[in-house]
There are 2 protein chains.
Amino acid sequence: MATIKDIAQAAGVSLATVSRVINDGPKVGSDTRKRVKKIMEEMGYRPNANARALVTKKSASLGVVIAELHDPFFAMLAHGVESVTRKNNVQILLSAGSIEKETELRAIETLLEHRVEAMVVHSKALDDKTLVEFSKQVPGFVLINRYIPEIANRCVWLDNVTGGRLMAEYAINQGHEHVAVISSQYRIDDPNQRLEGVRTAIKHANLVLPESMIEYATPDQEGGELAMQNLLATGAKFTAVLAYNDAMASGAMTMLQDHGIAVPEQVSVMGYDDVLLAKYCRPKLTTLRYPVEMMASKAAELALKYASGKKPEEGLTFKYTPTIIKRDSVVRV
Amino acid sequence: MATIKDIAQAAGVSLATVSRVINDGPKVGSDTRKRVKKIMEEMGYRPNANARALVTKKSASLGVVIAELHDPFFAMLAHGVESVTRKNNVQILLSAGSIEKETELRAIETLLEHRVEAMVVHSKALDDKTLVEFSKQVPGFVLINRYIPEIANRCVWLDNVTGGRLMAEYAINQGHEHVAVISSQYRIDDPNQRLEGVRTAIKHANLVLPESMIEYATPDQEGGELAMQNLLATGAKFTAVLAYNDAMASGAMTMLQDHGIAVPEQVSVMGYDDVLLAKYCRPKLTTLRYPVEMMASKAAELALKYASGKKPEEGLTFKYTPTIIKRDSVVRV
DNA sequence: ATAATGGTTGAAAACGTATACCCTTTGAAA
DNA sequence: TTTCAAAGGGTATACGTTTTCAACCATTAT
């Protein structure tokens, strides 16, 4: 592959001049510029991004850490990031760290080795201290779907407690007095926060949520099916089910229908996230909209901004609140 | 950030020795090795991937070109690649090129600037010649979901003609004599090939597929709805619909149901791809399984293998054939 | 005519790493 | 005792860029 040196030789100029032409630098005559450009074209020259990054200490790529790409939630997240990197001519360096301490750490470290100065990271397994530490090393370090007070201005997050509350309040307003909850079995913040919100609303309405009405499982369709199966097996009575996410809600609906229980006529079901399948499944899912894509774009913009030298403002944070999307899976009772 | 030089100074050894320790090179005593390692640990040393790539001419990352991340198909593709890059300690450099000539080209070129020697590219807009040209420049250049005879051994692809045929044959075997087709409006190979297969099967069964029974739209749920709407508007009679993909099939089902037409009792619907939503939607979609994830893993392995110097074998190619997944959206008539 | 100016260009150092090649020490074989 | 090989370690160069500084040339103002 042709280097800057080859071009210089062919054009009969120095390395410096060629470099200036490449970067649209100021100090080069228009005829020389034209000639050099022509030769670059002819020889199919492509600047070496690695050499560039080495000397400029700027990497022209943004690191992204997520859990699993085939989870629609993360696919949307990645897409949100991608839409802004594309605009800024920045490359995405992708690392997957499957909600495990070891892999998440490894993912971030690899990105660090590439000297990316902007990063959008989704981390659930790493503790606050570690992440704060990283944020000191990387100017454009931004967390998504997580809130850490010390670096509040680097956090783009969803108010899950309010989300849980909204969910429960809506169900209650529709007249449901016996609600069951299907939660995620992972010991991370999200399910706990959502559950906390649900509990608050229920208490406030002078209702009760016995532990036996809460089932934990993997946050996917199978988990939803399993959880619902368990709920039905206990013989518990409920007219509404609040699920941790849309996939679990969908699984729960399937299981209800398989038991001859009509949704929403006999049991209402609510999801969370509003991923694609919420619109696809039947009945269409009433759910909470999690604007991941928008948030991811915001996070990417933030990362790029901080990376370019702008200092984050103190006392600022980027909190989003989910909103209820009313579709067909919840009915007034 | 600490460099190799800082480590060398702190440890009182030369750069070369430190470098040897980092790379587990041979010529260094076990006590020195231990001492240097300790210092690296203390100073939080991280090798600079750019400098490394520059001098070794190896990039330690694999380039991926896809259209849109939030399309579940591409999310699965990316996931398939990711599973093998993770095993090989290779980073993913992601470029999205939204089925447009300009952006696809730009995506590949950016990757080239990063000097990745392994690439998995999904390109529909670029012509054969351009891609063949790229394959000469990049040792580990592998195409997915496309077949180009000249570089057959770098293609991991699905036999779409056979897929289309299988679809139609299955519908016909279930007794359907009047089938409609909902295809993608994009002028790329896939829809044409699938349609070709469908036509073959129909002709072979002595049936007819009038042009009026084929609708074209964007390959998503909205497109499926629109296409079905048009089909219904023409008053055409059909008992089965073959869709270009699962999203369109799902949209078509919605529209049918909205018109009070029962699926599958009155009209059967078939999808293609078997993405997640095929299992989620109601009725569950009978569809053709496109093993993207497996194929993407294969492509990544191939790319890495070729990149590491192994020459592709002549006359070899990686063709996959879709299989029918029978669920609930097709019924015998 | 001379000095000053401004626009072009080139030489060289630097970025952080890997490695080919050379030097030293040590112990054993001759 | 001499010779030699092996092991351990250092020196210097290269990778492909960007950028600072200085030099050159042709004008123009004095």
Side-chain angles (χ1 to χ4, degrees), chain A residues 1-37 39-40 43-61 89 91 109-117 137 308, chain B residues 1-37 39-40 43-61 91 109-117 137:
Chain A
M1 179 131 314
T3 76
I4 224 179
K5 204 159 150 192
D6 302 325
I7 307 293
Q9 221 147 24
V13 296
S14 74
L15 303 186
T17 303
V18 178
S19 174
R20 287 195 269 257
V21 171
I22 294 169
N23 300 300
D24 279 325
K27 329 206 273 181
V28 40
S30 64
D31 45 345
T32 329
R33 189 185 299 271
K34 212 164 286 174
R35 185 157 44 93
V36 171
K37 275 199 170 161
I39 297 199
M40 292 199 314
M43 301 184 66
Y45 171 75
R46 279 183 230 290
N48 183 321
N50 295 313
R52 251 191 183 160
L54 181 58
V55 60
T56 61
K57 293 164 178 296
K58 302 240 160 297
S59 95
S61 39
N89 264 9
Q91 210 57 16
E109 278 177 341
T110 316
L111 255 26
L112 239 29
E113 291 184 0
H114 282 265
R115 298 298 188 269
V116 295
E117 64 270 5
Q137 287 180 51
S308 76
Chain B
M1 179 128 313
T3 76
I4 225 180
K5 204 159 151 191
D6 303 324
I7 307 293
Q9 221 146 22
V13 295
S14 74
L15 302 185
T17 303
V18 178
S19 176
R20 287 181 192 118
V21 171
I22 293 168
N23 300 300
D24 281 324
K27 328 209 276 181
V28 39
S30 62
D31 45 346
T32 328
R33 190 183 299 268
K34 212 164 288 175
R35 185 158 45 94
V36 171
K37 275 198 170 163
I39 297 197
M40 291 199 313
M43 302 185 64
Y45 171 75
R46 278 182 231 290
N48 183 321
N50 294 315
R52 247 187 186 168
L54 181 57
V55 60
T56 61
K57 292 164 179 298
K58 302 240 159 297
S59 96
S61 41
Q91 208 59 15
E109 277 177 342
T110 316
L111 257 23
L112 237 30
E113 291 183 2
H114 281 264
R115 299 296 188 270
V116 296
E117 64 271 3
Q137 288 180 50

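In what follows, chains are A, B, ... by sequence order, proteins preceding strands, each numbered from 1. No experiment lies behind these values; they were computed from the predicted model shown.
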**Complete:** Separation of C/dT17 atom C1' from B/Asn23 atom CG, nearest Å, is 9 Å
**Request:** Tell me which of A/Thr17 and B/Thr17 sits closer to the 5' end of DNA chain C, going by the nucleotide each one is nearest to.
**Result:** A/Thr17
**Message:** For a quick check of understanding: with a heavy-atom distance under 4.0 Å over all strands, which category does B/Arg33 fall into, base, sugar-phosphate or nothing?
**Reply:** nothing
**Prompt:** Any donor-acceptor pair under 3.5 Å linking the side chain of A/Glu117 with the backbone of A/Ser59?
**Reply:** yes
**Asked** Below 4.0 angstrom from OP1 or OP2 of D/dG10, is there any side-chain N or O of B/Ser14?
**Response** yes
**Asked** So does B/Asn50 get a side-chain nitrogen or oxygen closer than 4.0 Å to the phosphate oxygens (OP1/OP2) of C/dT17?
**Response** no
**Message:** Just to be sure I understand the rule, does B/Pro26 reach a base, reach only the sugar-phosphate, or reach nothing, if contact means heavy atoms closer than 4.0 Å?
**Reply:** nothing
**Message:** Any base atoms under 4.0 Å from B/Val28, or only sugar-phosphate, or nothing? Heavy atoms, all strands.
**Reply:** sugar-phosphate
**Request:** Please report, rounded to the nearest Å, how far the C1' atom of C/dG10 is from the CD atom of A/Gln9.
**Result:** 15 Å
**Asked** How would you label the contact of B/Ser19 with the nucleic acid (heavy atoms, under 4.0 Å): base, sugar-phosphate, or nothing?
**Response** base
**Complete:** Closest heavy-atom pair, A/Tyr45 versus A/Ile7, reported as atoms and distance to 0.1 Å, is CB-CD1, 3.8 Å
**Prompt:** Side chain of B/Arg46, backbone of A/Glu109: donor and acceptor closer than 3.5 Å?
**Reply:** no
**Request:** Would you tell me if any nitrogen or oxygen in the side chain of B/Arg52 comes within less than 4.0 Å of OP1 or OP2 on C/dA18?
**Result:** yes
**Message:** Reading DNA chain D from 5' onward, which residue's closest nucleotide shows up sooner: A/Tyr45 or B/Gly29?
**Reply:** B/Gly29
**Fill in**
Closest to the side chain of A/Asn48, out of D/dG10, D/dG16, D/dT19, is D/dG16
**Prompt:** Rounded to the Å, how far apart are B/His114 NE2 and D/dC15 P?
**Reply:** 21 Å
**Prompt:** Is any N or O donor-acceptor pair between the side chain of A/Arg46 and the base of D/dG16 shorter than 3.5 Å?
**Reply:** no
**Item:** Rounded distance (nearest 0.5 Å) linking atom NZ of B/Lys34 with atom CD1 of B/Ile39
**Value:** 14.5 Å
**Message:** Looking at every non-hydrogen atom in both residues, tell me the closest pair between B/Ala2 and B/Met43 and how far apart they are.
**Reply:** CB-O, 4.1 Å
**Request:** Indicate whether OP1 or OP2 belonging to C/dT8 is found under 4.0 Å from a side-chain N or O atom of A/Thr32.
**Result:** no
**Prompt:** Looking for any heavy atom pair under 4.0 Å, which part of the strands does B/Lys57 touch: base, sugar-phosphate only, or nothing?
**Reply:** sugar-phosphate
**Message:** What is the distance, to the nearest angstrom, from the CG atom on A/Asp24 to the P atom on D/dT17?
**Reply:** 16 Å
**Prompt:** Any donor-acceptor pair under 3.5 Å linking the side chain of A/Thr56 with the backbone of A/Arg52?
**Reply:** yes
**Item:** Value in whole Å for how far the P atom of D/dA14 lies from NZ of B/Lys58
**Value:** 20 Å
**Request:** Could you check B/Leu54 against B/Ser30 and say which one's nearest nucleotide on DNA chain D is further toward the 5' end?
**Result:** B/Ser30
**Asked** For the pair made of CD1 in B/Ile4 and P in C/dT19, what is the distance, rounded to whole Å?
**Response** 11 Å
**Item:** Selected nucleotide, minimal atom distance to B/Ala16 side chain, candidates C/dC21, C/dA20, C/dG16
**Value:** C/dA20
**Prompt:** Whole Å only: how far is the CG atom of A/Leu15 from the C1' atom of D/dC21?
**Reply:** 16 Å
**Item:** For atom NZ of A/Lys5 and atom P of D/dA14, their distance in whole Å
**Value:** 8 Å
